Amino acid sequence: MSVKYGKFELPQKIAIDEETAQPTYGRFIAEAFERGFGHTVGNSMRRMLLSSLEAPAIISIRLEGIPHEYMAMEGIIEDMTNIILNLKGALLRRLPSADAPNSRDLRILTSVLDVTQEELDKLGGQKHVTLGDIITDSYFEIVNPNLHLFTVTKPMKRQIDLRVAIGRGYVPSERHQVRDRTSDEILIDAAFSPVRLVNYYVENTRVGQDTDFDRLIFEVHTDGRVTPSEALSFAAQIGQRHFDVFSKLKAQKMVFDEGYSESRADEDEMLEKLSLRIDEIELSVRSTNCLSGANIDTIAELVSIPERRMLEFRNFGKKSLNEIKAKLVDMGLSLGMDLSPYGITTDNVKEKIRHYLEQRKGKREVLKDKIKASEEVIIDDEDEDEDDEE
């Protein structure tokens with residue numbers, strides 16, 4: 001036997017703020033959640049984003065001729081301690097594949113630093129060695145190849161070995177497990193987490209006539225080893241995997257009532273949004289005039305147009321398009337929507353909306369008449385009561 005629960009309001013999709021999107025920053029909006037679930041989901045996701053994602057990091061360095069981290073080398077301005085501190089800022093990208101065997105194993109990157117006197121003369125006596133100079137292995141993508149490591153002032157030829165591992169969180173050097181470590185290999189602390197900052201906000205949003213549902217907004221900053229979208233997706237999959245164990249305790253299967261989402265109330269709510277005139281929503285004068293010039297009067301006409309066609313309108317630019325898209329997201333709508341479930345197509349959209357407005361007006365008139373009649377009955381009853389008292 002199955003236990004039936006009432007419908008939970010759940011987000012159907014997640015919106016990405018394209019206007020502010022960057023390779024290392026993303027803003028994501030999910031709505032609508034039941035009241036309280038915004039903080040429940042937001043706090044859990046934030047903790048997993050900050051602590052549970054994996055990325056490659058350098059865990060040791062071997063520079064030929066330097067046996068320990070407290071030594072300086074002739075011909076290099078920085079001592080080994082400063083070189084290690086610079087090396088901690090190295091960012092490498094590599095997503096290990098499930099199809100590739102041993103893709104998560106430790107990997108040693110070997111290169112030879114060869115600086116000649118001729119090269120130093122061309123550079124004014126100093127060569128600034130960067131991360132891209134000592135990592136030539138194409139196995140990893142270097143996110144910041146221009147990261148400065150040290151400065152060479154004399155001709156030299158040295159072998160450099162870097163050991164790279166994949167992990168999560170922050171791991172101090174004493175916790176690294178290296179089996180074939182050499183005597184002059186220096187272990188360093190590793191910051192594996194690719195997420196630098198996560199903020200989440202919960203706002204009120206509207207579903208039907210209720211305004212106490214949750215809108216969840218995430219702001220994710222990464223260091224480039226994963227993108228914000230990848231980070232959010234990975235964290236969600238980690239969370240799902242941890243919840244799987246609890247679902248095994250179920251004594252009875254639970255099903256949820258999904259009928260409410262297909263009810264007449266939801267259809268009326270959607271038609272109410274679609275019937276709004278363009279001048280009833282808060283758009284800039286320029287965007288409103290552009291839509292008016294294109295003979296677009298209602299939201300229904302607007303959302304039935306694909307995004308690529310919007311830029312074909314006269315005097316319509318990217319800024320106006322982003323403004324309209326953001327406003328539609330706030331309303332739970334988007335450009336190029338399929339309105340066929342409501343009997344609306346691009347050919348009959350004006351007629352359908354006009355017919356809906358006429359029906360709504362008729363219903364309101366009937367409701368007014370009923371209210372007026374009920375008020376008259378109440379007044380008559382009060383008059384009768386006064387006569388009885390006399």
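Quantities reported herein were computed from a predicted structural model and do not represent experimental measurements.
D223 places a side-chain N or O within 3.5 Å of a backbone atom of R225 that can act as its donor or acceptor partner. For the pair S111 (side chain) and I134 (backbone), a donor-acceptor distance under 3.5 Å is present. With hydrogens and angles ignored, the 3.5 Å screen pairs no side-chain donor or acceptor of T24 with any backbone N or O of G224. Put simply, the side chain of S103 gets close to the backbone of S97: a donor and an acceptor are under 3.5 Å apart. With hydrogens and angles disregarded, no donor-acceptor distance shorter than 3.5 Å links the side chain of D184 to the backbone of P67. Checking side-chain atoms of N144 against main-chain N and O of L91 turns up a donor-acceptor pair under 3.5 Å. Judged by distance alone, with hydrogens and angles left aside, the side-chain atoms of N86 form no donor-acceptor pair with the main-chain N or O of I83 at under 3.5 Å. With N322 contributing its side chain and K325 its backbone, the two residues share no donor-acceptor pair below 3.5 Å. A distance-only check finds no donor-acceptor pair linking the side chain of R163 to the backbone of L109 [under 3.5 Å]. A distance-only check finds no donor-acceptor pair linking the side chain of S52 to the backbone of L49 [under 3.5 Å].
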- Query: Between R93 and E230, does a salt bridge (charged side-chain N to carboxylate O under 4.0 Å, His left out) hold up when you go through it step by step?
  - Reply: CA-CA 13 Å; R93 175 178 166 86; E230 287 173 338; 3.1 Å; yes

- Passes salt bridge (charged side-chain N to carboxylate O under 4.0 Å, His left out), R104 versus E54? Steps please. CA-CA 11 Å; R104 288 181 48 82; E54 295 186 345; 2.4 Å; yes

- Message: Set out, in order, the CA-CA distance, both residues' side-chain angles and the distance that settles salt bridge (charged side-chain N to carboxylate O under 4.0 Å, His left out) for D189 and K88, then state yes or no.
- Response: CA-CA 7 Å; D189 303 337; K88 287 182 180 181; 3.3 Å; yes

- Decide salt bridge (charged side-chain N to carboxylate O under 4.0 Å, His left out) for K7 and E9; before the verdict, give the C-alpha distance in whole Å, the side-chain angles of both, and the deciding distance to 0.1 Å. CA-CA 6 Å; K7 179 180 181 292; E9 196 65 44; 3.2 Å; yes

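Closest approach of L335 to L328, counting heavy atoms only: CD2-CD1, 3.7 Å. Counting all heavy atoms, side chain and backbone alike, I16 lies closest to S229 at CD1-OG, 4.2 Å.
Shown here is E174, whose CD atom has more than 12 heavy atoms of other residues, nucleotides or ligands within 6.0 Å. Around atom CD of E282, no more than 12 heavy atoms belonging to other residues, nucleotides or ligands sit under 6.0 Å away. At most 12 non-hydrogen atoms from other residues, nucleotides or ligands lie less than 6.0 angstrom from NZ of K352. Counting heavy atoms of neighbouring residues, nucleotides and ligands inside a 6.0 Å radius, atom CZ of R35 does not exceed 12 of them. Around atom CD of E74, no more than 12 heavy atoms belonging to other residues, nucleotides or ligands sit under 6.0 Å away. Other residues, nucleotides and ligands contribute over 12 non-hydrogen atoms within 6.0 Å of the CD atom of Q117.
Note: H68 and Y70 have tilted aromatic rings, judged against thresholds of 30 and 60 degrees for the angle between ring planes. The aromatic rings of Y200 and H39 sit perpendicular, their planes meeting at an angle over 60°, well past the 30° parallel limit. Using cut-offs of 30° and 60° on the angle between ring planes, the pair H176 and F192 is perpendicular.
Sorted by first and then second residue, the ring pair (Phe, Tyr, Trp, His ring centres under 6.0 Å) pairs with a member in residues 86-131 read H128-H148; sequence neighbours excluded.
Under 3.5 Å, the side chains of T110 and D161 contain a donor-acceptor pair of N or O atoms. A side-chain N or O of E185 and one of S60 form a donor-acceptor pair less than 3.5 Å apart. No donor-acceptor contact under 3.5 angstrom links the side chains of D244 and S247, judged on distance only. Between the side chains of N289 and S292, not a single donor N or O lies within less than 3.5 Å of an accepting N or O. In summary, the side chains of E323 and S320 do not present any donor paired with an acceptor at a separation below 3.5 Å, with no hydrogens or angles considered.
Residues V198 and R47 are not in side-chain contact: their nearest non-hydrogen atoms beyond the backbone lie 4.5 Å or more apart. For the pair I160 and L63, the minimum side-chain heavy-atom distance is below 4.5 Å.
Both M80 and M156 sit in one connected hydrophobic cluster of ILVMFWY residues. Membership requires side-chain heavy atoms under 4.5 Å apart, directly or through other members. L187 and I58 are members of different hydrophobic clusters when ILVMFWY side chains are connected at heavy-atom separations under 4.5 Å.
Remark: R107 is positioned above the aromatic ring of Y139, its terminal NZ or CZ atom under 6.0 angstrom from the ring centre and at most 45 degrees off the axis.
How far CD of E31 is from NZ of K13: 10.0 Å, rounded to the nearest 0.5 Å.
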